[in-house]
Amino acid sequence: MTDEVEQPSPRRLWPLWTVLVVVVLLLGCGLPALLVAGVVRESGDRATVSRAGTPASDDPATAVARGLSDRMTAQLQRQATALLGGDRAAYLAVADPGAHADLRRRFAALRALRVTVWRAEPSGLPVPVVGQPGEWRLLVRFQYCFVVPDCRPSPVLIGTRWRENGDQPRLVAVEESKSAETGTRPWEISDLAVAVGARTIVATTPALRGKLPGLLAQAEAAAKVADGYVVTGSPPDRYRIFYAGRTEWQRWYGGGRPQWTGGYAVTVGGGHHEVVLNAEGLPSSGTDDLLRHELTHAASLPERGYPGKTTWWLVEGLAEFAGAGGQAVDRYEGLAEVRALVRGRWDGRLEGITPADNAEAERVGGSYGVGYLAVRHLVDRFGTTQLLAFFKAVVHERKPFDVAAEESFGEQWSTLHDECVAYVRAVAA
């Protein structure tokens, strides 16, 4: 078993079963090289910036930068207080007029999402902007919570640009985060319409506002299912769901997914996963399955992602099992694709079922279906509680399959593996 974070292959949107798609990403913090000199890292609960040749004690230039950082931090704190208090005028007051349009949109989006925590902490010292005397760039680690005031905040690293102005430097611009792994958050770049329920937050664009009541009802129902697949700790305080139109699908979280991708879940830190659904061509009849699938990822996966391709079938199989909503096996939408895969070149090994990035949609669907059927067999034989213990041992604790099977089921994995494969072949016959 490797110790890498895997990104499952997406699946086509049509037919119905193909909306059950996930791309699980680990929180990242990459920024353009022009924004900050050095290597940006997220380590534990704190972001750090490393620069070559930084002296142990402040030289005059560093002392100037440190003083500027303190004054910028004070401005950011004023802005955070204004955001949490709903005072847009005070929120804009720290910035030059040229930055107001972008900041007004960010303010409105965050308020619509019911931001309850907003903290800004410089990560490293400001650096001068080449060719712009008196302007500086500062990398800032923002932490946020939505709806729940005492949540574990999600962090995001964002570049800010400032102009010297005595004791109160002026904010000139806020960059898009453009994290290498997660991309830009929706509230950074889009106007948002939001609906909040007891277990979920659903956000979309103003143009799709009319979808919100139905989406919220479906999300709330899916959350009740996903809550049953929490592996460690408590269920998410709120499941965060973003419903993307055509333009937003290409921009939110970096975009770049195939048009036939139905949805994905992104790990954003603080124990949260944010789910994105593709509004383009998504049939309403498939939204319930898709939401159960994606929210189960948010409930079951560890924050750091899961280890290696050999566990893909288990990760996706559990989400597919939840997405199926307890229906009979013979009603599973992907059986035709499973049948094609089983009758084709599959070698009968679960650990090798992960589809390649360029796999055809039928092959991808068959892989998801094999994972579903293997998990279904284990649940039918041992029950959900023992299956989740097995999932925890393999995916969270990163134990080998044979060790996890002995601990969770009291049986050898080689035997159980062959049973699962035999079940898949029997159903697909």
Side-chain angles (χ1 to χ4, degrees), residues 1 3 5-6 8 22-28 42-47 113-117 119 143-156 181-182 196-202 219-242 264-276 291-308 311-312 314-323 375 378-379 382-399 403-404 407-409:
M1 180 180 300
D3 194 40
V5 176
E6 287 300 321
V22 63
V23 179
V24 181
L25 301 174
L26 189 66
L27 175 66
E42 280 284 352
S43 178
D45 292 325
R46 185 177 179 85
L113 288 165
R114 299 192 191 179
V115 60
T116 55
V117 171
R119 294 197 289 267
Q143 298 182 76
Y144 62 91
C145 290
F146 298 139
V147 182
V148 179
D150 57 351
C151 90
R152 182 179 159 209
S154 299
V156 59
E181 287 83 6
T182 58
V196 178
R199 299 291 300 116
T200 65
I201 310 169
V202 182
E220 288 289 302
K224 292 178 181 178
V225 174
D227 282 348
Y229 295 96
V230 173
V231 176
T232 61
S234 302
D237 51 62
R238 287 294 191 285
Y239 294 96
R240 303 169 179 175
I241 301 146
F242 294 89
Y264 57 90
V266 182
T267 306
V268 295
H272 294 91
H273 293 73
E274 294 177 355
V275 168
V276 185
L291 281 166
R292 286 192 295 266
H293 180 111
E294 303 298 349
L295 298 194
T296 295
H297 279 309
S300 65
L301 284 173
E303 184 173 336
R304 59 176 175 162
Y306 65 90
T311 64
W312 185 92
L314 179 58
V315 168
E316 293 302 336
L318 179 67
E320 288 282 84
F321 179 78
V375 168
L378 293 174
V379 171
F382 298 102
T384 303
T385 299
Q386 284 180 264
L387 185 278
L388 290 179
F390 179 65
F391 187 98
K392 178 182 177 182
V394 171
V395 177
H396 287 248
E397 298 172 355
R398 307 195 171 205
K399 296 180 179 178
V403 174
E407 291 179 354
S408 305
F409 303 129

Test side chain to side chain contact (heavy atoms under 4.5 Å, CB included) on H273 and L301 and set out the steps.
CA-CA 9 Å; H273 293 73; L301 284 173; 4.0 Å; yes
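- At least one side-chain heavy atom of Y144 sits less than 4.5 Å from a side-chain heavy atom of V156.
- In this view, R199 and D227 satisfy the salt bridge (charged side-chain N to carboxylate O under 4.0 Å, His left out) rule, not counting sequence neighbours.
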Checking I241 against L295 for the side chain to side chain contact (heavy atoms under 4.5 Å, CB included) test, could you report, in this order, the C-alpha distance in whole Å, the side-chain angles of both residues, the deciding distance, and whether it holds?
CA-CA 9 Å; I241 301 146; L295 298 194; 4.0 Å; yes
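- With contacts defined as side-chain heavy-atom distances shorter than 4.5 Å, the pair V147/D237 does not qualify.
- Here V117 pairs with R119, C145, P153 under the side chain to side chain contact (heavy atoms under 4.5 Å, CB included) rule; sequence neighbours left out.
- Partners of F382 according to the ring pair (Phe, Tyr, Trp, His ring centres under 6.0 Å) rule, which considers only residues two or more places apart in sequence or in another chain, are F409.
- Taking CZ from R292 and NZ from K224, the interatomic distance works out to 13.0 Å, rounded to the nearest 0.5 Å.
- Two residues are said to be in side-chain contact when any heavy atoms from C-beta on lie closer than 4.5 Å; V394 and K399 fail this criterion.
- Within the 4.5 Å cutoff, no side-chain heavy atoms of T385 are placed close to those of L387.
- The nearest pair of heavy atoms linking G197 to R238 is O-NE, 3.1 Å.
- Side chain to side chain, H293 and E316 meet the donor-acceptor criterion of an N or O pair below 3.5 Å.
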Yes or no on side chain to side chain contact (heavy atoms under 4.5 Å, CB included) for K392 and E407, after CA distance, side-chain angles and deciding distance?
CA-CA 11 Å; K392 178 182 177 182; E407 291 179 354; over 6 Å; no
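- Looking only at side-chain heavy atoms (C-beta outward), L113 and F242 come within less than 4.5 Å of each other.
- Here Q386 pairs with nothing under the side-chain hydrogen bond (donor to acceptor under 3.5 Å, both in side chains) rule; sequence neighbours left out.
- The two residues V375 and L318 come nearest to each other via the heavy atoms CG2-N, 3.7 Å.
- Across all non-hydrogen atoms, the minimal contact from T296 to A226 is N-CB, 3.7 Å.
- Here T200 pairs with E220 under the side-chain hydrogen bond (donor to acceptor under 3.5 Å, both in side chains) rule; sequence neighbours left out.
- Contact check for Y239 versus I201: no side-chain heavy atoms found under the 4.5 Å cut-off.
- Taking every heavy atom of both residues into account, P155 and G270 meet most closely at CD-N, 4.1 Å.
- A donor-acceptor contact under 3.5 angstrom links the side chains of S154 and R240, judged on distance only.
- Shortest non-hydrogen contact noted between A222 and L291 is CB-CB, 3.6 Å.
- Under the 4.5 Å side-chain criterion, counting only non-hydrogen atoms from C-beta, H396 is in contact with F391.
- The two residues G228 and L388 have their closest heavy-atom pair at O-CD1, 3.7 Å.
- Judged by distance alone, with hydrogens and angles left aside, the side-chain atoms of S300 form no donor-acceptor pair with the main-chain N or O of V230 at under 3.5 Å.
- When the ring pair (Phe, Tyr, Trp, His ring centres under 6.0 Å) test is applied to F321, no partner is found at least two apart in sequence or on another chain.
- Between E274 and T267 there is no side-chain heavy-atom pair separated by less than 4.5 Å.
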